[in-house]
Structures are given as structure tokens and as C-alpha cells.
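A short worksheet on the structure shown next.
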Amino acid sequence: MAKSFSSKIGVLLAAAGSAVGLGSIWKFPYVVGENGGGAFIILYIVCSLIFGLPLVMNEFLIGKQSGRSAYGAFRELSGTNRWQWFAWMTMLSVLILMSFYFIVTGWCFYYMIEATLNTFAGMDASALKAHFDAFEGNAPLMIIYAVIAIVLTASVLWFDVNKGIERLSKILMPLLFIMLFLMALHMIFIDGGSEGLRYLFMPDFSKITSAVVLEAMGLSFFTLSIGVGVLVTYGGYMPKDQNVTTTSFQMIVLVLLVSLLAGMIVFPAVFAYGFSPTEGPELTFVTLPDVFQHMFCPTLTSVSFFALMCVAAITSTISMMEVLVAFFCDATAETKRPLSRHQSVVFVALIQVVANTLVVLSMTGMVGWLTIMGNNLFDFANFITTDVLIPIGALGVALFTGWFVPKARYQGSRLASFIYLVILRWLVPIAIVIIFLDSLNIIK
Ligand code: PFF
């Protein structure tokens, strides 16, 4: 795959393709809804700019300076094996992340097919919710769609058609952006929509607790693909003269814009069409079909939108699977049984078929004992990655570069390098530790 990043724009597109995905369109709206709206959004933006920017740059630089995947990068730069546990931990995070991300990607495929069949025509809020619930209760159907997403992702890596995907996403991602923009514009003018915008943009700081701050930070890192080794691996593919600061900044602005546009579509619809902001993970999927019914050419618009959402999701799943495939190839390279790239693709895909099946069985309650701490596996995997593993991954890369291995540090003007170092050394570690302790009620 390294070969396929022929250009600087190629790495930017791949990194943006990884970052812009279900996190912005599916997760952002419902997490904002569960955490009270405007004040949460401010936290999310602040986390993305103050912590997100240096962390994205840091991960790119770790990859770029070492020229390795996440497996080799920490060893190469530190010159020891002491950080290998951390590299393995990031891989565990990606494995768990994929165990529910493919399921939601499957939802997008299902909704695209349903939109093609015009199933949503005439459905109101309660009918749309009942429709989603029926789908969510249908384990075989959900497994089939998740497996379709896994096979599609694995095929891209198997046939090494990343270049094609890169070219395709050069056209499709801007199209998704334009569609989101036009839809958001349309929603500004609908009757009753202004209440949604007020909910989004009028902060109510009384809603902020330490758990809310942790959610905002976790969501910001999730949407930026931080803390799981993906950006390290993509940094390894960067041409030497690529400007890391510009690439990181462009990627972050894109993610923020897509997330905010998704919110500006979903929340006016929530208030105008009778949904609840605290609907939970189905929020985007129940509100969007209602939005399309009030738009020009509903069938065509909804099919195109869900198709573009599938593309956004698949470019993210490709990045996750690519990182694991590269990791297992590197990790087995020095053993007696090195895995070829193709074997590694099959290995990762099979693990994901099993993991996603178990998660669906737990979600639908078909296998009652498949729960962890009273949560089904979907909720648990979603929580443990966003609120625990990803922040720990971010803390790890900050400590790695800030304190132990300065080789991958950003070198800019004196002031910029100083601010960067202070953020990595002090601000990120202290903030993450305080937020953790506080949300666990250890300090009060
Ligand atoms: N940033 C992706 C999204 O918002 O959908 C999710 C993601 C992709 C997280 C890749 C982590 C990752 F490595």
C-alpha cells in the first residue's frame, strides 16, 4: 500500500478518508444529543484544536520519521522493545473498534437499499423508529450487512485497489460535503428547525460534568482517528517533503465541518419532526429518512446520500483494516511463520466476522449471557474504545514523544515548537489523567 500514496494529496485524502466517517455523521449527532447540545460542541471543538492538532501531528511524525507501521515505529524510534506493549494495545483498540464499526457500516448499506426500494415513503417519526427497531432486532440481517462491509473492505486490501479508491474518493468525498452543505442549508429554513439550531449553538454550561468532558474528548479523538496507530501508519507512507502541520490542520478542519453540518441537519429535524435528541445511536438513521421526505426528489436524494455515507464509512474501515494488516505482517516478519499480506487480510477479516457476529448476537439479546458489566457488547465496545482506549492511546503517544523519545518531535519556529512541547508534555497528559480520575469519581 505504501506505493499507492504517490502524492501528498494522496496521504491527505487517505487520512481524511479515515477520519471523516461514521464518527462525524452517525456518532457526533447522537452524542451531542445525549450531552445537552451547544456547550458540548464547544468542548468538542476546543479538544479538537488544542489537543487534536498536536496529537495528529505527533502521530504523523512518529510514522514519518520511522517510515514504519505502528508495529515498527515505536521500536525504531525508541531503539528498544519497551514500547511494544503500547503498539499492541493500539492494535487491540482497532480490533474492538472494528467490532462495532462494521455493524454501523452495515446499517448504512441496509438504509441505502431500503431507500432504493422507497420503503420510507410516508413514514412519520414513530414509524421510522419502529422500522429501525425491527431491523435492530433482526440478527441475521444485521450480520449479513456487517459481513458485506467486511468483505468489501477486505477486497479493497486484497486486490490492492487503494489507488482506485483514492481517485474515487477524490470525487465522492467533495460530493458528500456538497450534499451535507445543501441539506444543512435546506434545514435552516424549515418550520420549527430553528429550535434545533438553538439547541446546537446556544451553550448551556450547566450541562457540563466531568463525564461530559471525557465524552467530548473521546469523541474528538474518535472522529480524528487519534490514539489507535492509524495516523502513525499513514505518516509512514508520507513523502519526506510533506508538511505535517498543514496536512493535520486541513484534516481537522474537514472533520469539524462535516460533524457540524451533520448536526445542522439532524437537530432541526429532531425538533421539527418530533424525534427526541436523546434517541441514542439510531438518531441519524431515524431522522435522515424524514429529512429526505421533505426534500426535492426524495428517493434520488436519499439513495445518493446513503451511498455516499457508505463510501465515507468504507474509507474509514479500509484505514482500520490496513493498519491491522500491516501490523500483523510486520509482527510476524521475524518469526518462523511470517504472514503474507493476503494471509493477513484473510486473518483480520475472519476475526472481524466472528467479532461482529458476537456483537450482533449480544445486541439483539439472542445470546443473553454475552454482556459485560450489564452492557451488551455493542454498547461496551463503543464505550471502551471512545472513553477509555482511545484517550489512553492519545496519552501514550504524547508521553512517548514529549518525555521519552524526542526524535519525532515537531520542529518549527521557536515559539511553535515550545507551545507544541508544552501541550504534549503537560497539557495532554494532565488533562487526560484529571478527566479520567474525575469521571471515575476518584477526585472530587
Ligand atoms: N474517525 C473515524 C470516524 O469518525 O468515523 C473513525 C476511526 C477510523 C477511528 C479509524 C479510528 C481509526 F483508526
Side-chain angles (χ1 to χ4, degrees), residues 12-32 44 47-48 52 55-56 59-60 62-63 69-70 87 89-108 149 153 156-157 169 173 176-177 180 215-237 248 251-263 281 284 308-327 348 352 381-394 396-397:
L12 171 64
L13 273 175
S18 164
V20 173
L22 297 175
S24 298
I25 306 171
W26 158 71
K27 197 168 163 82
F28 176 81
Y30 90 80
V31 176
V32 168
Y44 170 79
C47 285
S48 301
L55 284 169
V56 169
E59 287 203 30
F60 276 150
I62 291 175
S69 75
M89 197 203 82
T90 60
M91 289 308 105
L92 180 71
S93 312
V94 185
L95 274 174
I96 300 178
L97 185 59
M98 290 163 90
S99 72
F100 70 92
Y101 204 95
F102 276 120
I103 294 174
V104 186
T105 307
W107 295 356
C108 300
T153 308
V156 171
L157 297 183
S169 65
M173 295 302 270
L176 172 70
F177 191 80
L180 282 167
E215 274 287 293
M217 187 178 69
L219 180 67
S220 155
F221 295 173
F222 182 99
T223 51
L224 295 175
S225 306
I226 289 173
V228 290
V230 166
L231 302 178
V232 171
T233 305
Y234 278 14
Y237 301 148
S248 309
M251 188 187 112
I252 291 175
V253 169
L254 213 70
V255 169
L256 287 179
L257 282 177
V258 172
S259 300
L260 289 175
L261 286 175
T284 295
L308 291 172
M309 202 166 156
C310 291
V311 174
I314 288 289
T315 50
S316 299
T317 56
I318 289 171
S319 75
M320 298 178 208
M321 206 184 257
E322 162 63 25
V323 165
L324 279 178
V325 167
F327 190 89
V348 175
Q352 284 310 319
N382 196 352
F383 161 77
I384 200 86
T385 44
T386 313
D387 288 8
V388 180
L389 292 173
I390 288 179
I392 292 180
V397 284

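Just so you know, ligand 1 is whichever comes first in the structure, and atom 1 is the first atom listed for that ligand. Treat the numbers as computed from the prediction; the structure is a model and nothing was measured. Below, all heavy atoms of this structure are taken into account, side chains as well, without hydrogens, waters or symmetry copies.
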Q: Return a yes/no value for Val228: is any of its N or O atoms, backbone included, closer than 3.5 angstrom to an N or O of ligand 1?
A: no

Q) Which residue and non-hydrogen atom of the protein lie closest to atom 4 (O) of ligand 1, and at what distance in Å? A) Ala19 O, 3.0 Å

Q) So is there a nitrogen or oxygen of Leu224 less than 3.5 Å from a nitrogen or oxygen in ligand 1? A) no

Q.
Test side chain to side chain donor-acceptor pair (under 3.5 Å) on Tyr44 and Thr223; report intermediate values, then the result.
A. CA-CA 10 Å; Tyr44 170 79; Thr223 51; 2.9 Å; yes

Q: Among all protein heavy atoms, pick out the one at the shortest distance from atom 13 (F) of ligand 1; state its residue, atom name and that distance to 0.1 Å.
A: Val230 CG2, 2.6 Å

Q) At what distance is the nearest protein heavy atom to atom 11 (C) of ligand 1, and which residue and atom is it? A) Leu97 CD2, 3.4 Å

**Q.** Pairwise distance CG(Leu97) to CD1(Ile384) - rounded to 0.5 angstrom
**A.** 12.5 Å

Q) So how far is it from Met320 CE to Gln352 CD, rounded to the nearest 0.5 Å? A) 9.5 Å

Q) Relative to the ring of Phe100, is the ring of Trp26 parallel (under 30°), tilted (30 to 60°) or perpendicular (over 60°)? A) tilted

(Q) Go through it in stages, so that I can follow the logic: the residues are Thr386 and Lys27, the test is side chain to side chain donor-acceptor pair (under 3.5 Å), and I'd like the CA-CA distance, side-chain angles, deciding distance and then a yes or no. (A) CA-CA 11 Å; Thr386 313; Lys27 197 168 163 82; 3.0 Å; yes

Q) For ligand 1, which atoms, with element, lie under 4.0 Å from some heavy atom of Leu22? A) 5 (O)

Q.
What I'd like to find out is whether the side chain of Val228 reaches to under 4.5 Å of the side chain of Phe221, using heavy atoms alone.
A. no

**Q.** Option nearest atom 10 (C) of ligand 1 (shortest heavy-atom distance, choices Ser259, Gly21, Ser225)
**A.** Ser225

Q. Hey, does Thr223 sit under 4.0 Å from ligand 1 if you only count heavy atoms?
A. yes

Q.
Evaluate Ser319 for polar contact with ligand 1, using N/O atom pairs at a separation under 3.5 Å.
A. no

**Q.** Partner of Thr153 under side-chain hydrogen bond (donor to acceptor under 3.5 Å, both in side chains), chosen from Thr315, Thr105, Thr317
**A.** Thr317

Q | atom 1 (N) of ligand 1: nearest protein contact (heavy atom, Å) | A | Phe222 O, 2.8 Å

Q: Quick one: pull up CG in Leu55 and OG in Ser48 and give me the separation to the nearest 0.5 Å.
A: 10.5 Å

Q: Please state whether Tyr101 comes within less than 4.0 angstrom of ligand 1, counting heavy atoms only.
A: yes

Q | Phe60 CZ to Met251 CE distance, which is reported to the nearest 0.5 Å | A | 5.0 Å

Q | Ligand-side contact atoms (ligand 1) for residue partner Met320, heavy atom cut-off under 4.0 Å | A | 7 (C), 8 (C), 10 (C)

Q: Could you list which atoms of ligand 1 come closer than 4.0 Å to a heavy atom of Gly23?
A: 3 (C), 4 (O), 5 (O)

